[in-house]
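First comes the structure, then the notes that go with it.
Note that the structure is a prediction, hence the values are computed from the model and not measured. The first residue in the sequence is number 1, and the count goes up from there. Order of listing sets the numbers, starting from 1, for every ligand and every atom in it.
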Amino acid sequence: MKIICIGRNYSNHIKEMKSETPGEPVFFMKPDTALLTDGKPFYHPDFSNEIHHEAELVLKICKTGKHIDIEFANTYFDEIGIGIDFTARDLQAACKASGHPWEKAKSFDNSAPIGNFLQKNNFKNISDINFRLDINGKTIQKGNTSDLLFPFDKIISYVSGFVTLKKGDLIFTGTPEGVGPVKPGDKLEAFIEEKKMLAFEVK
Ligand code: MG
């Protein structure tokens, strides 16, 4: 399986990063070795002094598709969860400055913790889903899918024009504002609406 991540998909996050608003979805990938599951702890790696949390809703792809028409895109995912797109911000800044790819800042082991998933049909309106990240009991990031620059259907249609999607693939759909560093001892809890979907500790 593969993990596809969308960057710059919430305008207030684009502002906090002083990035430009993209005209089409920006995506990158993480390997399956980036997955961190079952509430296992995240061990802060030594190669970075600035590992940022990015809380994101995650789509689970349910069938193979390429060149998916936007009209049918919603039939290609059946579950929605929440995950963290951990980012070595210091390494990413250096990669950006030298015009190099970001992979080492984004794709390192355990950089994609995920929690439980909910069936898509549990949601009345997928264009109005609240989600949040609490750290040590305090809400640090809050998002709502009505603020997505590129909604789920557009993401699936666009990405599948370049990369074949397969059952079990995950799409991280972008982070809202409020990204920041984590440190050993931090307890992260991510919620969809009021349901706790993911909980783990940084060590
Ligand atoms: Mg992200």
Side-chain angles (χ1 to χ4, degrees), residues 1-37 42 44-45 48 50-61 77 80-96 100-115 117 129-135 139-145 147-152 154-156 158-159 162-163 165 169-182 186 188-192 197-198 200 202:
M1 58 82 65
K2 56 189 175 290
I3 305 165
I4 292 156
C5 303
I6 307 298
R8 303 182 191 176
N9 208 13
Y10 286 89
S11 58
N12 286 337
H13 172 61
I14 295 170
K15 277 184 207 146
E16 75 180 347
M17 296 301 297
K18 300 184 172 61
S19 297
E20 304 221 335
T21 300
E24 32 189 45
V26 171
F27 73 91
F28 58 92
M29 292 200 256
K30 296 185 188 237
D32 59 1
T33 43
L35 283 178
L36 181 67
T37 58
F42 172 78
H44 196 297
S48 170
E50 202 183 8
I51 299 286
H52 275 196
H53 55 79
E54 297 189 357
E56 312 195 2
L57 289 180
V58 181
L59 310 179
K60 193 180 278 185
I61 297 297
F77 70 101
I80 301 174
I82 191 163
I84 309 294
D85 166 20
F86 273 133
T87 304
R89 196 69 74 199
D90 44 359
L91 302 189
Q92 187 190 35
C95 291
K96 280 183 181 175
H100 291 161
W102 298 346
E103 261 75 5
K104 68 181 178 186
K106 284 286 196 181
S107 315
F108 53 89
D109 288 355
N110 303 326
S111 62
I114 53 166
F117 283 77
I129 301 174
N130 290 296
F131 62 101
R132 71 175 206 267
L133 172 68
D134 289 4
I135 301 183
T139 299
I140 302 294
Q141 287 195 268
K142 251 165 75 169
N144 182 288
T145 52
D147 295 322
L148 283 166
L149 286 181
F150 301 107
F152 298 158
K154 172 70 183 177
I155 292 169
I156 285 174
Y158 183 82
V159 171
F162 300 89
V163 179
L165 299 177
D169 288 348
L170 299 176
I171 303 184
F172 279 61
T173 56
T175 190
E177 72 269 29
V179 303
V182 295
D186 283 346
L188 276 65
E189 296 173 303
F191 296 78
I192 297 180
M197 305 294 294
L198 168 66
F200 66 97
V202 178

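Annotation: the span from Trp102 atom CH2 to Gln92 atom CD amounts to 5.0 Å, rounded to 0.5 Å. Rounding to the nearest 0.5 Å places CD1 of Ile84 at 13.0 Å from CD1 of Ile51.
Protein contacts to the Mg ion (ligand 1) involving N, O or S atoms at a distance below 2.8 Å are Glu54 OE1, Glu56 OE2, Asp85 OD2.
Lys154 meets the salt bridge (Lys or Arg N to Asp or Glu O under 4.0 Å) test with no other residue; sequence neighbours excluded. With sequence neighbours excluded, the residues that form a side chain to side chain contact (heavy atoms under 4.5 Å, CB included) with Asp90 are Ser48, Asn49, Glu50, Ala88.
You'll find the ring centres of Tyr158 and Phe150 outside the 6.0 Å limit.
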Donor-acceptor list for residues 106-114 side chains, cut-off 3.5 Å, not counting sequence neighbours:
| unit_1 | atom_1 | unit_2 | atom_2 | d |
| --- | --- | --- | --- | --- |
| Lys106 | NZ | Glu54 | OE1 | 3.3 |
| Lys106 | NZ | Asp85 | OD2 | 2.8 |
| Lys106 | NZ | Thr87 | OG1 | 2.7 |
| Ser107 | OG | Met29 | O | 3.4 |
| Ser107 | OG | Glu103 | O | 3.1 |
| Ser111 | OG | Lys30 | NZ | 3.3 |
| Ser111 | OG | Lys106 | O | 3.0 |
| Ser111 | OG | Phe108 | O | 2.7 |

